J.: 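Take a look at this one; I'll ask things after.
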There are 2 protein chains.
Amino acid sequence: MNPPGTPQAPGGDRSTRSAGPTGSARPQDHATSGRGALNREVIVSAAIEYVDEHGLAMLTMRRLGEHLGVEAMSLYRYVNGREDLLEEIVRRMVGGLHVDRARRELLAGPGWQAYLQWLAHAVRRLARQHPQLFPLIATRHPAAPWLRPPLRSLDVVEDFLATLVDRGFTMENAVMAYRAFTSYLLGYLLLEVSTISGRTVAEESLTEVANSPPPSPVPLDDYPYIQRLETWLSQDHTDLEFELSLEDMLDRIERLLAGDRT
Amino acid sequence: MNPPGTPQAPGGDRSTRSAGPTGSARPQDHATSGRGALNREVIVSAAIEYVDEHGLAMLTMRRLGEHLGVEAMSLYRYVNGREDLLEEIVRRMVGGLHVDRARRELLAGPGWQAYLQWLAHAVRRLARQHPQLFPLIATRHPAAPWLRPPLRSLDVVEDFLATLVDRGFTMENAVMAYRAFTSYLLGYLLLEVSTISGRTVAEESLTEVANSPPPSPVPLDDYPYIQRLETWLSQDHTDLEFELSLEDMLDRIERLLAGDRT
DNA sequence: ACCTGAACACCGTTCAAGT
DNA sequence: ACCTGAACACCGTTCAAGT
């Protein structure tokens, strides 16, 4: 399955499902030498950190190497190239949304709403913590193309469907709920995040690149309505707005169920 | 305003609002020489064409130059670098959504619903015509950061707000409608498009790059629910699904209005 | 006025070589 | 086993030079 030339990541076990509490970090007691401790996990963490600070465009194999105190070429032992690194970042971020059955039962209780509420908030937390990275989640096409952003991880989708079907959704309705939930979240958060990171990235590319002209403040004559509504338009999404539209969306899903029974 | 070193685009009038029926293509009767006819418009068109065919990652100043039968450096006379080119592509795509007042009245009639219906379908047409480009629309941060994707163009947003306010929306409700509409469309279309272009791009990067291993078909043991629902999940979004959820969203906007009157 | 050649700084990636 | 140096092919972009 693997072309012979391809460098092999040591300990490169791709399955996310496995990770029991045992196999997380093999004990490496002989000199955890501060410098030489290079591995896939460290690299991905550093990359996330770097992007959060400098923006996605600044993430370069060479710069990441430097940031880690290592030549860029060393990274290729653990990461199968830049694409693979980005993919792994997404996997890692999204992977945190998976909860085991027990925890899920606790979260959800008898209804499905509490679980979806929790999931939505978890994704939002992610988006706001890593505004630079979230568009990646929304844009990258996964291995399984019918696995849509922003959930991505098979584990998370499995959680989602299991919860709903166990609570009495038909298969068709579960899928419709998945789509509704998923596109609501994606659309909402992409916009919310674009206001946050829009400014952030702009500032950086100004200090970092420093040759692009400052994004000219557009003159609003000729646009009377926009002018009148600018204060409202530029207002940040509030937590309340998220809660309300989220509930609205959950209601829509509930109506799916109701429509089924009548 | 312009740093002296910056190359200046001839005829580089940025305002989109201007374009009366007169100034579209200055008559250049002296030898419209098939080769030398390089200008901003031609470049942008070629770029769009190129991306549609080869994917965004393949769009390179040098390759685009070659595609146009010209050295890459020539492009810099008309386009202020790659970033500017991308921005212009977005401007051009989104610009087509602007309709003058007369046409809008015709479209909308007395209600606002017909206009929003038309707009939603126009954006969807765009997304499906240029699946490779649509994520760009969703991701690029505009000059005015409160101008959210996917509408982007000041003209279009002005159209949107004017239509609603003229039909009796309060300012606050018009903005809420703008957000609801915008994030609904963005979320929905991003997902729809990701199924289309997911496959497309995968095939290309396979023929073009040819060294990445074929995206391994994920084994679905361990994921019983996904397995059961796969056929549903992988089903393409249908036109009907779009219509239904669109109407649903318009209803939500209508409830904004109703809530105001009670 | 418009295009080009040559050059610069920077990429991602490979591979033989070092320790 | 792990990292590096050198190299390759390819970027975006600038600028003096050609016509």
Side-chain angles (χ1 to χ4, degrees), chain A residues 2-12 26 28 30-43 47 50 54-87 205 208-213, chain B residues 2-12 26 28 30-43 47 50 54-87 205 208-213:
Chain A
N2 248 324
T6 311
Q8 202 56 23
R26 74 188 59 180
Q28 198 172 0
H30 63 84
T32 331
S33 54
R35 273 299 121 100
L38 203 56
N39 60 53
R40 195 165 229 259
E41 202 181 333
V42 162
I43 291 176
Y50 195 89
H54 301 98
L56 187 56
M58 283 291 148
L59 180 68
T60 244
M61 296 303 276
R62 294 178 124 113
R63 267 197 278 254
L64 181 57
E66 194 182 22
H67 181 66
L68 280 163
V70 101
E71 301 298 312
M73 306 78 194
S74 312
L75 303 178
Y76 285 84
R77 286 250 140 217
Y78 306 95
V79 173
N80 234 352
R82 192 178 183 235
E83 285 298 286
D84 181 47
L85 176 57
L86 295 182
E87 215 94 345
S205 66
E208 300 267 358
V209 183
N211 56 2
S212 57
Chain B
N2 246 325
T6 310
Q8 201 56 22
R26 78 188 53 182
Q28 199 174 358
H30 62 82
T32 330
S33 54
R35 274 299 121 97
L38 203 55
N39 61 52
R40 197 166 229 259
E41 203 182 332
V42 162
I43 291 175
Y50 195 89
H54 301 98
L56 187 56
M58 283 292 149
L59 181 67
T60 243
M61 296 303 276
R62 295 178 124 112
R63 266 197 279 253
L64 181 57
E66 194 183 23
H67 182 66
L68 280 162
V70 102
E71 300 299 311
M73 307 80 195
S74 312
L75 304 178
Y76 286 83
R77 287 248 139 217
Y78 306 93
V79 173
N80 234 352
R82 201 190 123 111
E83 285 298 285
D84 181 46
L85 176 57
L86 295 182
E87 214 94 346
S205 67
E208 300 267 358
V209 183
N211 56 2
S212 57

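All chains are named by letter (A, B, ...) in the order of the sequence lines, taking the proteins before the strands, and each is independently numbered beginning at 1. Please read all numbers here as calculations on a predicted model, not as lab measurements. FYI, side chains are in, hydrogens and waters are out, and symmetry mates aren't considered; it's all heavy atoms of this structure.
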J.: Rounded at 0.5 Å granularity, tell me how far CE in M73(A) sits from CZ in R62(A).
T.: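 One finds 5.0 Å between CE of M73(A) and CZ of R62(A).
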
J.: May I ask you to evaluate whether Y76(A) reaches the phosphate of dC15(C), defined as a side-chain N or O under 4.0 Å from OP1 or OP2?
T.: no

J.: Once rounded to the nearest 0.5 Å, what's the spacing between atom CZ of R40(B) and atom CG of D84(B)?
T.: 4.5 Å

J.: What integer distance in Å separates L64(B):CG from dC11(D):P?
T.: 12 Å

J.: Is it the case that the side chain of R63(B) and the backbone of M58(B) share a donor-acceptor pair, with hydrogens and angles ignored and the cut-off at 3.5 Å?
T.: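 Yes, because the side chain of R63(B) sits within donor-acceptor range (under 3.5 Å) of the backbone of M58(B).
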
J.: Looking at dT4(C), dG5(D), dG12(D), which one has an atom nearest to any side-chain atom of E71(B)?
T.: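 The listed nucleotide nearest to E71(B)'s side chain is dT4(C).
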
J.: What is the nucleic acid contact for R62(A), judged by heavy atoms within less than 4.0 Å: base, sugar-phosphate only, or nothing?
T.: base

J.: In whole Å, what is the span from the CD atom of E83(B) to the C1' atom of dT13(D)?
T.: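 Taking atom C1' of dT13(D) as the reference, CD of E83(B) is at 13 Å.
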
J.: Does the side chain of R63(B) get closer than 4.0 angstrom to OP1 or OP2 of dC11(D) through an N or O atom?
T.: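 Indeed, a polar side-chain atom of R63(B) lies that close.
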
J.: Looking only at heavy atoms, what is the nearest atom pair of V42(A) and A37(A), with distance?
T.: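 Of all heavy-atom pairs spanning V42(A) and A37(A), the closest is CG2-O, 3.7 Å.
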
J.: Expressed as a whole number of angstroms, how long is the span from R82(B):CZ to dT14(D):P?
T.: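 The distance from CZ of R82(B) to P of dT14(D) comes to 15 Å, rounded to the nearest Å.
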
J.: First locate atom CG of L85(A), then atom CG of L75(A), and finally report the distance between them rounded to the nearest 0.5 Å.
T.: 8.0 Å

J.: Only Watson-Crick and G-U wobble pairs with both distances less than 3.5 Å should count. Give DNA chain D in dot-bracket notation, marking inter-strand partners with |.
T.: ||.|||||...|||||.||

J.: Taking the side chain as C-beta and beyond, is there a heavy-atom pair between R82(A) and E87(A) under 4.5 Å?
T.: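 The answer is no; the side chains never approach within 4.5 Å.
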
J.: Nearest whole angstrom, please: distance from the C1' of dT14(D) to the CG of N80(B).
T.: 13 Å

J.: Once you round it to whole Å, what is the distance between P of dG5(D) and CD of E66(A)?
T.: 14 Å

J.: OP1 or OP2 of dC2(D) less than 4.0 angstrom from a side-chain nitrogen or oxygen of S74(A), does that happen here?
T.: no

J.: What is the separation between atom CG on N39(B) and atom P on dA1(C), rounded to the nearest whole Å?
T.: 17 Å

J.: If you only use heavy atoms from C-beta on, which nucleotide in dC3(C), dC3(D), dG12(C) is closest to the side chain of M61(A)?
T.: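 Closest nucleotide to the M61(A) side chain: dG12(C).
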
J.: Once you round it to whole Å, what is the distance between C1' of dT19(C) and CZ of R77(A)?
T.: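 So the two atoms are 13 Å apart, to the nearest Å.
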
J.: Rounded to whole angstroms, how far apart are CG on L75(A) and P on dT14(C)?
T.: 13 Å

J.: Checking side-chain contact (heavy atoms from CB on, under 4.5 Å) between Y50(B) and each of L59(B), L68(B), L56(B), which is the one that passes?
T.: L59(B)

J.: If you look at every strand shown and take non-hydrogen atoms under 4.0 Å, does M73(B) touch a base, only sugar-phosphate, or nothing?
T.: base

J.: Would you say T60(A) places a side-chain N or O within less than 4.0 Å of OP1 or OP2 belonging to dG12(C)?
T.: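 Yes, T60(A) has a side-chain N/O under 4.0 Å of OP1/OP2 on dG12(C).
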
